[in-house]
Amino acid sequence: MKEFELQVHVDGKPYPVEFSPENVRSGKSIQTYPDDVLIATFPKCGTTWVRHIICQLMLEDYDPRPGKELFVYSPMIECDGKEVIDRTPRPRILKSHMTYGDYPKNPVAKRILVVRNPKDTLVSSFKMASNAKWPNYAGLTFDIFFDLFMEGKYAYGCYFEYHKDWIDQLKEHDMLLLKYEDMVKDLKTATVQIGEFLGGRAAEIVENPEKLGDVVEASTFKSMKEDQSRWIEGFLKDQQQFVRKGTPRDWKNYLNKEQSDRVDQKFKEVFKGTMAANWWQEEMKWED
């Protein structure tokens, strides 16, 4: 069977194989500022969605388009590296999938953790991996990817341990927790939460019904599926499939019962006794 190399290890931690170790290391050493907004997610848990909302709320000149995509306004710390981050105008909206231990710290910077149930995260990750241009991903089937994901051998390692690590910090730090599924159910309320948490210009916008309505409308999945060349550049075979469905329980179209049970068991083992122990009961159950 073909071996799929989907990770490179930098200082003992897994990162996507296409990342530069130099950028990863320099990204971990960036200086952070009180007006930074730091967005933490595991891949495919709503990063682009939340960044797009935040950019609308905070940046007057925000207009993502080919040549000035979302990642130009809101760079990725470990992918872009310190040189790019240092050139980014403040206030900076920075994204990362790094574990809590590696994430740059600032006691007063705004931190937002976005989470999504593991089954839909797994499927969304597979869809992006199978759409990637990189030769390392060629021939990847869902069953093979499922095992790689469950064994922590895809991209940033173990979904479960990543979230356990971040969730353990929620009681100790002022962070906004957003659940992807809650945003799907009520995008307006989630946008207001984000604006009130950020304060300043963002809070003023969500207090204005007309301006709030504009942000919400521009952040629906229907709107975000339009013109997808404004989000990222270059690494997908089909750019229009970067924002795909966003529908909870899409995993039922891919996982079999044995795979579903395996995720359930891992979830129970890792999150027992944590605030996440009872999350996503409806979204993850096998029965429709």
Side-chain angles (χ1 to χ4, degrees), residues 33-41 43-77 80 85 88-97 109-116 120 124 128 174-233 236 238-248 250:
Y33 300 96
D35 58 350
D36 283 339
V37 177
L38 306 173
I39 305 165
T41 71
K44 304 307 293 180
C45 287
T47 328
T48 298
W49 196 11
V50 172
R51 286 157 76 210
H52 178 52
I53 293 170
I54 293 173
C55 284
Q56 292 175 82
L57 294 176
M58 289 185 61
L59 306 179
E60 292 186 23
D61 66 342
Y62 179 61
D63 180 23
R65 58 197 182 276
K68 196 170 184 183
E69 296 85 357
L70 172 60
F71 69 81
V72 176
Y73 293 94
S74 173
M76 183 178 189
I77 294 171
D80 292 307
I85 302 299
T88 303
R90 294 169 57 187
R92 305 181 305 183
I93 301 162
L94 305 178
K95 151 195 172 176
S96 177
H97 300 312
K110 299 290 187 181
R111 282 179 285 189
I112 298 176
L113 175 65
V114 191
V115 298
R116 186 183 191 185
D120 283 319
S124 188
M128 188 170 77
D174 180 25
M175 282 192 276
L176 175 63
L177 172 67
L178 295 171
K179 290 182 183 176
Y180 185 101
E181 294 79 6
D182 291 345
M183 293 178 66
V184 171
K185 291 175 184 175
D186 189 347
L187 181 57
K188 181 179 178 180
T189 294
T191 303
V192 171
Q193 281 183 295
I194 294 169
E196 291 178 345
F197 178 74
L198 295 174
R201 181 179 189 271
E204 292 174 4
I205 288 177
V206 300
E207 288 169 2
N208 181 307
E210 184 176 349
K211 291 181 179 179
L212 171 61
D214 290 342
V215 173
V216 172
E217 177 58 33
S219 306
T220 63
F221 272 97
K222 182 176 182 291
S223 293
M224 293 195 65
K225 283 177 70 66
E226 298 171 357
D227 245 352
Q228 294 202 42
S229 56
R230 58 193 164 133
W231 307 132
I232 55 173
E233 186 271 327
L236 296 179
D238 182 356
Q239 188 83 8
Q240 294 306 308
Q241 290 301 310
F242 179 63
V243 177
R244 193 176 57 88
K245 280 191 176 182
T247 306
D250 184 45

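Note that the numbering runs from 1 along the sequence shown for the chain.
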Heavy-atom check, side chain of [X] versus side chain of [Y], under 4.5 Å:
X: T88; Y: D80; result: no
X: K68; Y: D63; result: no
X: L198; Y: L176; result: no
X: V115; Y: C45; result: no
X: C55; Y: L70; result: yes
X: R201; Y: E60; result: yes

Treating [X] as the side-chain partner and [Y] as the backbone partner, does any N or O pair qualify as donor plus acceptor under 3.5 Å?
X: N208; Y: I205; value: no
X: R51; Y: S74; value: yes
X: R116; Y: E181; value: no
X: D120; Y: D250; value: yes
X: S219; Y: I53; value: no
X: E69; Y: G67; value: yes

task: Any chance you could measure R111, atom CZ, to L177, atom CG, to the nearest 0.5 Å?
output: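 Reported value, rounded in 0.5 Å steps: 13.5 Å.
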message: Over 60° means perpendicular and under 30° means parallel, so tell me whether F221 and Y180 are parallel, tilted or perpendicular.
response: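 Because their plane-to-plane angle lies in the 30° to 60° range, the rings of F221 and Y180 count as tilted.
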- request: Take K95 and V50 through the side chain to side chain contact (heavy atoms under 4.5 Å, CB included) test and state the conclusion after the steps.
  value: CA-CA 10 Å; K95 151 195 172 176; V50 172; over 6 Å; no
- request: Just jot down the side chain to side chain donor-acceptor pair (under 3.5 Å) partners of T41, sequence neighbours excluded, or say none.
  value: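 Here the qualifying residues are T47, H97.
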W49 and L187: CA distance, side-chain angles, deciding distance, side chain to side chain contact (heavy atoms under 4.5 Å, CB included) verdict: CA-CA 11 Å; W49 196 11; L187 181 57; 3.6 Å; yes
